[in-house]
Amino acid sequence: MQIFFIDESGTLPPPDKVDNAPTFALGGLVIPEDLWHEIDKELARLKAQYSVVGEIKWRFFAPTRPEHKTTPLSHLSAQEKENLRNALYEIISKYKSVRIISAVVDVRKAYALSYVNTVQDLYWYAYKQMTERFQYYLQDLSRTVGSKINGIIICDHRQPQDDQQLRILHHRLLTGSKNSFSTYENLIEGVFIAPSDLSVGIQLADMVGGAIFRKYARNDERYFQKIESSFRRSATGRLEGYGLVRWPK
């Protein structure tokens with residue numbers, strides 16, 4: 001079983017606010033079930049080492065200012081935050097069977113499409129691109145090991161109405177016409193929605209999304225480089241379209 005954790009990074013803007021947030025990313029991390037407990041223990045050890053109580057999120061690594069709300073990382077110095085962030089990326093990159101499948105969205109180009117009109121549309125079509133690649137990844141694994149490998153998807157929760165819409169649309173993917181959608185024969189059940197503070201995988205997916213957002217929205221690839229080896233790639237080593245989807249093309 002492969003578990004695909006998804007979290008967003010950046011702001012999903014309405015059509016009239018595109019200039020404020022022209023890019024957003026969905027970070028996705030695939031963790032095999034037999035590694036989940038080990039990764040959970042590693043994250044717990046890191047939190048204990050840095051006296052972190054609560055969840056870890058990309059935005060908590062920003063410089064702490066007096067006017068900011070307190071976060072689980074507020075007690076750390078800038079260097080301690082950087083050391084912790086690097087250690088988190090080492091957890092991801094050290095396991096060869098952990099894979100990244102993510103999407104980065106050009107919001108202006110997306111809203112130029114006739115079928116993208118709302119924030120929910122932006123999220124949904126980026127999500128669809130990623131789930132298709134996850135299905136292809138499961139098919140590749142199944143061929144490699146000679147038996148069917150299944151997967152489940154776990155997303156960070158958003159607003160209740162957004163979560164419900166995602167559940168409905170995800171169900172349509174699994175049950176839709178083969179002429180309209182990819183065949184999701186390796187996915188089990190509907191999408192699972194979990195609060196990030198209760199999910200090891202979503203916290204790490206958030207760090208993946210942050211690294212991708214920083215590269216494409218801020219032209220800073222320092223953190224992207226630390227996890228680049230973990231992206232799903234084609235047999236010839238191609239990244240885009242396999243482990244990283246830039247949408248729209």
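Quick caveat, the model's predicted, so the values are computed rather than measured.
- The closest donor-acceptor contact from the side chain of Lys128 to the backbone of Tyr123 lies at 3.5 Å or more, if one exists at all.
- The shortest side-chain heavy-atom distance between Leu76 and Phe60 does not fall under the 4.5 Å cut-off.
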Report the C-alpha distance between Glu185 and Gln135 in whole Å, list the side-chain angles of each, state the deciding distance to 0.1 Å, and finish with yes or no for side-chain contact (heavy atoms from CB on, under 4.5 Å).
CA-CA 8 Å; Glu185 61 182 18; Gln135 169 61 34; 3.9 Å; yes
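- In this model, no donor atom of one side chain and acceptor atom of the other lie less than 3.5 Å apart for Glu90 and Asn86.
- With a 4.5 Å cut-off on side-chain heavy atoms, Leu169 and Gln164 do not count as touching.
- Ile149 and Ile152 sit in two unconnected hydrophobic clusters of ILVMFWY residues. Membership requires side-chain heavy atoms under 4.5 Å apart, directly or through other members.
- Annotation for Leu166 and Cys155: closest pair CD2-SG, 4.1 Å, computed over non-hydrogen atoms.
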Could you walk me through whether Ile193 and Arg167 satisfy the side-chain contact (heavy atoms from CB on, under 4.5 Å) test, starting with their C-alpha distance in whole Å, then the side-chain angles of each, then the deciding distance to 0.1 Å, before giving a yes or no?
CA-CA 9 Å; Ile193 309 293; Arg167 291 186 180 99; 3.4 Å; yes
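- Scored by the salt bridge (charged side-chain N to carboxylate O under 4.0 Å, His left out) test, Asp220 finds Arg214, Arg222 as partners (sequence neighbours excluded).
- Under the 4.5 Å side-chain criterion, counting only non-hydrogen atoms from C-beta, Thr11 is not in contact with Asn20.
- For the pair Asp19 and Arg108, the salt-bridge criterion is met [side-chain N within less than 4.0 Å of a carboxylate O].
- Following chains of ILVMFWY side-chain contacts shorter than 4.5 Å, one cannot reach Ile31 starting from Met130, and the two form parts of different hydrophobic clusters.
- Residues Leu244 and Leu138 are members of separate hydrophobic clusters, defined by side-chain heavy-atom contacts under 4.5 angstrom among Ile, Leu, Val, Met, Phe, Trp and Tyr.
- Separating the CD1 atom in Ile91 from the CD1 atom in Ile227 is a distance of 13.0 Å, to the nearest 0.5 Å.
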Quick one: do Tyr95 and Glu42 satisfy side chain to side chain donor-acceptor pair (under 3.5 Å)? Show the steps, please.
CA-CA 12 Å; Tyr95 294 104; Glu42 290 211 40; 2.3 Å; yes
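- Formation of a donor-acceptor pair under 3.5 Å by the Glu82 side chain with backbone atoms of Ala78 is not found in this model.
- Exactly one residue among Phe24, Tyr115, Tyr111 makes a ring pair (Phe, Tyr, Trp, His ring centres under 6.0 Å) with Tyr125. That residue is Tyr115.
- Atom NE2 of His171 has 12 or fewer heavy atoms from other residues, nucleotides or ligands within 6.0 Å.
- Between atom CD1 of residue Ile168 and atom CG of residue Leu173 there is a gap of 12.5 Å, rounded to the nearest 0.5 Å.
- With no hydrogens or angles considered, no side-chain donor-acceptor pair links Asn186 and Gln139 at under 3.5 Å.
- A donor and an acceptor atom, one from each side chain of Glu55 and Ser196, are located under 3.5 Å apart.
- Within 6.0 Å of the NZ atom in Lys148, the count of heavy atoms belonging to other residues, nucleotides or ligands exceeds 12.
- Each ring pair (Phe, Tyr, Trp, His ring centres under 6.0 Å) pair with one or both residues in residues 207-243, not counting sequence neighbours, appears once here: Trp58-Tyr223, Phe224-Phe231.
- The closest side-chain heavy-atom distance from Gln165 to Trp124 is not below 4.5 Å.
- Using modelled atom types, one side-chain atom of Arg99 and one backbone atom of Lys96 make a donor-acceptor pair closer than 3.5 Å.
- When the side chains of ILVMFWY residues are joined at heavy-atom separations under 4.5 Å, either directly or via intervening members, Leu141 and Val145 end up in a single hydrophobic cluster.
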Does the salt bridge (Lys or Arg N to Asp or Glu O under 4.0 Å) test come out yes or no for Glu38 and Arg45, once each step is laid out?
CA-CA 11 Å; Glu38 183 60 33; Arg45 284 196 292 268; 3.6 Å; yes
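- Atom OH in Tyr136 sits 8.5 Å away from atom OG1 in Thr183 (nearest 0.5 Å).
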Candidate pair Thr131 and Ile153, rule side-chain contact (heavy atoms from CB on, under 4.5 Å), full reasoning:
CA-CA 8 Å; Thr131 60; Ile153 297 177; 3.5 Å; yes
Evaluate the side-chain contact (heavy atoms from CB on, under 4.5 Å) criterion for residues Val245 and Arg133: first the C-alpha distance (whole Å), next the side-chain angles of each, then the deciding distance (0.1 Å), finally the verdict.
CA-CA 9 Å; Val245 183; Arg133 271 62 180 189; 3.6 Å; yes
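- Taking CD1 from Ile92 and CD1 from Ile39, the interatomic distance works out to 8.5 Å, rounded to the nearest 0.5 Å.
- Between the side chain of His75 and the main chain of Ser51, a donor-acceptor pair closer than 3.5 Å is present.
- Side-chain contact check for Met1 versus Ile188: some heavy-atom pair is nearer than 4.5 Å.
- With a 4.5 Å cut-off on side-chain heavy atoms, Ile56 and Leu43 count as touching.
- Connection of Leu29 to Val104 is established within a shared hydrophobic cluster, with ILVMFWY side chains joined at heavy-atom distances below 4.5 Å, either directly or through further cluster members.
- Listed here is the closest heavy atom pair of Pro13 and Val107: CG-CG1, 3.8 Å.
- Taking all atoms of both residues into account, the shortest heavy-atom contact from Ser102 to Gly28 is OG-N, 2.9 Å.
- Closest approach of Gly210 and Ser9 over heavy atoms only: CA-OG, 3.5 Å.
- The pair Arg232-Asp140 meets the salt-bridge criterion, with a side-chain N (NZ, NE, NH1 or NH2) lying under 4.0 Å from an Asp/Glu carboxylate O.
- Under the 3.5 Å distance criterion, the side-chain polar atoms of Ser234 are matched with a main-chain donor or acceptor of Thr236.
- Taking every heavy atom of both residues into account, Pro72 and Val53 meet most closely at CB-O, 3.3 Å.
- Taken from CD1 in Ile100 to CZ in Phe5, the straight-line distance is 14.0 Å, to the nearest 0.5 Å.
- For Leu35 against Ser97, the heavy-atom pair with the smallest separation is CD1-OG, 3.1 Å.
- Lys226 has no carboxylate O lying under 4.0 Å from a charged side-chain N of Glu221, or vice versa, which leaves the two without a salt bridge.
- Not a single donor-acceptor pair under 3.5 Å links the side chain of Asp40 to the backbone N or O of Trp36.
- Contact annotation: the side chain of Gln203 never approaches that of Lys57 to less than 4.5 Å [non-hydrogen atoms, C-beta and beyond].
- With hydrogens and angles ignored, the 3.5 Å screen pairs a side-chain donor or acceptor of Lys81 with a backbone N or O of Ala62.
- Surrounding CG of Asp34 are more than 12 heavy atoms belonging to other residues, nucleotides or ligands, all under 6.0 Å away.
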Side chain to side chain donor-acceptor pair (under 3.5 Å), that's the test. Do Asn150 and Gln2 meet it? Break it down for me.
CA-CA 6 Å; Asn150 293 315; Gln2 301 286 316; over 6 Å; no
Determine, stepwise, if the pair Arg233 / Glu228 fulfils salt bridge (Lys or Arg N to Asp or Glu O under 4.0 Å).
CA-CA 10 Å; Arg233 294 178 183 270; Glu228 190 170 3; 3.8 Å; yes
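- Interatomic distance, Trp247 CH2 to Asp106 CG, rounded to the nearest 0.5 Å: 10.0 Å.
- Using a 4.5 Å cut-off on side-chain heavy atoms (C-beta onward), Ile154 and Phe4 make no contact.
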Mind running side chain to side chain donor-acceptor pair (under 3.5 Å) on His170 and Tyr127 for me, showing each step along the way?
CA-CA 9 Å; His170 179 92; Tyr127 174 86; 2.7 Å; yes
